[in-house]
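Just the heavy atoms: all of them, side chains too, but no hydrogens, waters or symmetry mates, feed the values below.
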Amino acid sequence: MPFSTRVPDEWTATAVAALKEPLVELVDTGQFPGGVLTVGQAGGCRVTVACGTVAPECGPDRPNADTRYDMASLTKVLATWPLVGAAVRAGRLDLDAPLRAAHPGLPAPGGDLTARQLLNHTSGLLPQTGLARYQHTGHPLIEHLCAEPLTGTPGAQHRYIDRGFILLGLLLPTLLGRPLHELAADLWADLGLTATGYGPLPRDPQTAPTEQRLLGAPRTWGIPHDPSAALLGGVAGHAGVFSTAADLAAFAEHLLTPPGPLPDWFAESRRPLTPVEPGLLRGLAWIVTADGSVAYHHGFTGTSLYLAPRTRRYAVLCTKAVYHGWDRTRLAPLRALALRTLMS
């Protein structure tokens with residue numbers, strides 16, 4: 001049944017009605033076990049609907065606003081992006097200075113890149129992550145990544161990759177003086193996001209499992225689905241965070257409620273910097289629509305967060321679209337519909 005913090009207004013009721021049906025259809029046709037949708041407005045109502053089950057391993061338990069999901073690439077905007085903003089505000093990082101200015105000794109060509117290029121995915125870094133080859137070398141991973149050849153001219157072309165945020169996640173402890181998971185934990189505590197954190201998490205019905213990678217092997221559950229994040233011990237700048245629909249909604253409301261350091265950083269970050277495809281551009285981490293009405297980000301596992309700054313509306317989607325494998329088209333129609341709903 002829907003959960004509401006207040007009586008839904010007309011837009012929220014309409015948005016829930018539009019988005020719930022395709023979510024239910026995806027679950028009913030076996031695309032994934034279940035999902036959670038939250039639609040709301042900062043300072044107004046918030047409605048959450050859920051369907052299906054958390055997973056067959058969890059028995060009949062239904063997902064809800066407090067079910068923990070692997071956020072995958074939403075880690076980029078939940079952890080790394082706000083912490084980069086904190087480093088900029090503290091004077092520890094210049095977005096347009098070479099990375100070696102903040103971390104002396106980084107080799108070229110990566111050391112010549114800027115944080116802005118990493119945030120807007122125009123760095124030219126290698127798209128394939130492949131971190132396993134750097135195990136047991138005796139050298140810091142950040143140095144290996146910076147020494148790799150580039151595939152293009154920095155700042156020239158958008159190409160979405162994980163490597164830039166992996167680099168930022170490795171850089172932040174140097175900038176802010178503490179491990180990434182501690183920095184992120186303090187950030188989330190300050191925002192009241194009590195269910196958000198890096199794993200590992202217990203294998204219980206409060207945590208949605210993801211993919212069974214090998215037949216007969218245990219399902220990925222409570223540890224990152226992303227192989228590189230798993231190789232990094234579950235704590236990385238591009239993936240590894242677990243959260244809930246309730247915490248994502250609270251995060252959205254923080255970003256949509258200026259003034260304040262985080263809403264101000266969000267306002268700067270949603271300025272379009274480079275084209276992604278017709279009608280969409282990349283800001284700092286976020287994808288923004290050409291008319292500036294919506295900023296959003298997806299996670300590979302089946303998560304999405306949409307924010308409409310002018311109306312202060314938002315939509316949160318939490319699923320395990322990778323439960324039956326890596327079919328990235330499963331959620332495409334629902335995600336497109338969510339974007340159109342927020343733009344209306």
Side-chain angles (χ1 to χ4, degrees), residues 2 10-41 46-52 63 69-78 120-121 158-161 225 245 248-249 251-252 255-256 266 269-270 272-283 285-344:
E10 181 179 356
W11 178 84
T12 305
T14 301
V16 168
L19 298 174
K20 180 182 177 182
E21 183 176 346
L23 175 61
V24 171
E25 183 178 356
L26 285 166
V27 172
D28 287 348
T29 56
Q31 300 301 303
F32 41 81
V36 183
L37 167 72
T38 296
V39 175
Q41 184 173 31
R46 180 196 302 180
V47 176
T48 296
V49 296
C51 59
Y69 285 85
D70 181 344
M71 293 289 106
S73 281
L74 281 190
T75 297
K76 294 178 172 74
V77 294
L78 275 170
N120 68 18
H121 296 277
H158 178 273
R159 186 173 190 179
Y160 181 81
I161 60 171
H225 176 266
L248 286 179
F251 183 64
L255 298 185
L256 294 171
F266 179 53
S269 298
R270 65 178 187 265
L273 294 175
T274 186
V276 175
E277 59 183 68
L280 298 175
L281 302 101
R282 179 77 65 177
W286 300 89
I287 294 179
V288 294
T289 56
D291 64 359
S293 63
V294 179
Y296 68 95
H297 208 290
H298 298 315
F300 186 87
T301 49
T303 58
S304 294
L305 176 61
Y306 302 85
L307 306 170
R310 296 170 189 167
T311 59
R312 302 178 69 197
R313 295 167 178 166
Y314 59 88
V316 170
L317 182 64
C318 292
T319 77
K320 279 294 150 274
V322 294
Y323 189 85
H324 297 301
W326 287 26
D327 182 353
R328 302 182 67 175
T329 65
R330 287 190 179 100
L331 277 179
L334 178 56
R335 282 173 162 170
L337 178 59
L339 178 57
R340 292 196 300 272
T341 301
L342 266 289
M343 292 177 70
S344 64

Trainee: Taking the side chain as every heavy atom from C-beta outward, state whether Thr311 and Trp11 have any atom pair closer than 4.5 Å.
Mentor: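 Answer no - side chains too far apart.
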
Trainee: Shortest non-hydrogen contact from Val316 to Cys318?
Mentor: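 Closest approach of Val316 to Cys318: CG1-SG, 4.1 Å.
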
Trainee: Would you check, one step at a time, whether the test side chain to side chain contact (heavy atoms under 4.5 Å, CB included) holds for Leu248 with Leu317?
Mentor: CA-CA 9 Å; Leu248 286 179; Leu317 182 64; over 6 Å; no

Trainee: Is Leu273 close to Leu281 at the side-chain level, that is, under 4.5 Å between some pair of heavy atoms?
Mentor: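 Side chain of Leu281 against side chain of Leu273, heavy atoms only: no contact under 4.5 Å found.
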
Trainee: Does some side-chain heavy atom of Arg313 sit less than 4.5 Å from a side-chain heavy atom of Leu342?
Mentor: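 The answer is yes, as the side chains (C-beta and beyond) meet within the 4.5 Å cut-off.
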
Trainee: Tell me if the centroids of the rings in His298 and Tyr296 come within less than 6.0 Å of each other.
Mentor: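 So the answer is yes for these two rings.
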
Trainee: Show the numbers, then the answer: is there a side chain to side chain contact (heavy atoms under 4.5 Å, CB included) between Arg335 and Tyr306?
Mentor: CA-CA 10 Å; Arg335 282 173 162 170; Tyr306 302 85; 3.2 Å; yes

Trainee: Any side-chain hydrogen bond (donor to acceptor under 3.5 Å, both in side chains) pairs touching residues 24-33, not counting sequence neighbours?
Mentor: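 Passing the test, one end in residues 24-33: Gln31-Arg330.
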
Trainee: Does Tyr314 reach the side chain of Leu255, with side-chain heavy atoms less than 4.5 Å apart?
Mentor: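 No - every pair of side-chain heavy atoms lies 4.5 Å or more apart.
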
Trainee: Counting distance only, does the side-chain N/O of His297 pair as donor-acceptor with the main-chain N or O of Ile287 below 3.5 Å?
Mentor: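 Answer holds: no.
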
Trainee: Please name all residues satisfying side-chain hydrogen bond (donor to acceptor under 3.5 Å, both in side chains) with Thr341, sequence neighbours left out, ordered by chain then number.
Mentor: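 Residues passing side-chain hydrogen bond (donor to acceptor under 3.5 Å, both in side chains) with Thr341: none at all.
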
Trainee: Pro63 and Gly35: which non-hydrogen atoms are nearest, and at how many Å?
Mentor: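 Smallest interatomic distance, heavy atoms only, reads CG-O, 3.9 Å.
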
Trainee: Stepwise, does the side chain to side chain contact (heavy atoms under 4.5 Å, CB included) test hold for Leu331 with Phe32?
Mentor: CA-CA 10 Å; Leu331 277 179; Phe32 41 81; 3.9 Å; yes

Trainee: Could you walk me through whether Val276 and Arg282 pass the side chain to side chain contact (heavy atoms under 4.5 Å, CB included) check?
Mentor: CA-CA 6 Å; Val276 175; Arg282 179 77 65 177; 3.8 Å; yes

Trainee: Can you find a heavy atom in the side chain of Thr301 that is under 4.5 Å from one in the side chain of Tyr69?
Mentor: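 Sidechains of Tyr69 and Thr301: no contact.
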
Trainee: So, does Thr38 use its side chain to make a donor-acceptor pair with the main chain of Ala249 at under 3.5 Å?
Mentor: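 Answer holds: no.
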
Trainee: To the nearest 0.5 Å, what is the distance between CG (Leu256) and CZ (Arg310)?
Mentor: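 Between atom CG of Leu256 and atom CZ of Arg310 there are 13.0 Å.
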
Trainee: Taking all atoms of both residues into account, what is the closest heavy-atom pair of Leu334 and Pro22, and its distance?
Mentor: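 Result for this residue pair: CD1-CG, 3.7 Å.
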
Trainee: Are any side-chain N or O atoms of Thr289 and backbone N or O atoms of Val294, one a donor and one an acceptor, separated by less than 3.5 Å?
Mentor: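 Yes; at least one donor-acceptor contact below 3.5 Å.
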
Trainee: For the side chain of Thr319 and the backbone of Gly302, is there at least one donor-acceptor N/O pair under 3.5 Å apart?
Mentor: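 Yes.
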
Trainee: When the ring planes of His121 and Tyr160 are compared, do they come out parallel, tilted or perpendicular, using 30° and 60° as the limits?
Mentor: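 Correct class here is tilted.
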
Trainee: Please examine the side chains of Cys51 and Val49, heavy atoms only from C-beta on, and report whether any two atoms are closer than 4.5 Å.
Mentor: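 No - every pair of side-chain heavy atoms lies 4.5 Å or more apart.
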
Trainee: Write down the atom of Gly34, the atom of Val27, and the distance for their closest heavy-atom approach.
Mentor: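 Minimum heavy-atom contact is CA-CG2, 3.7 Å.
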
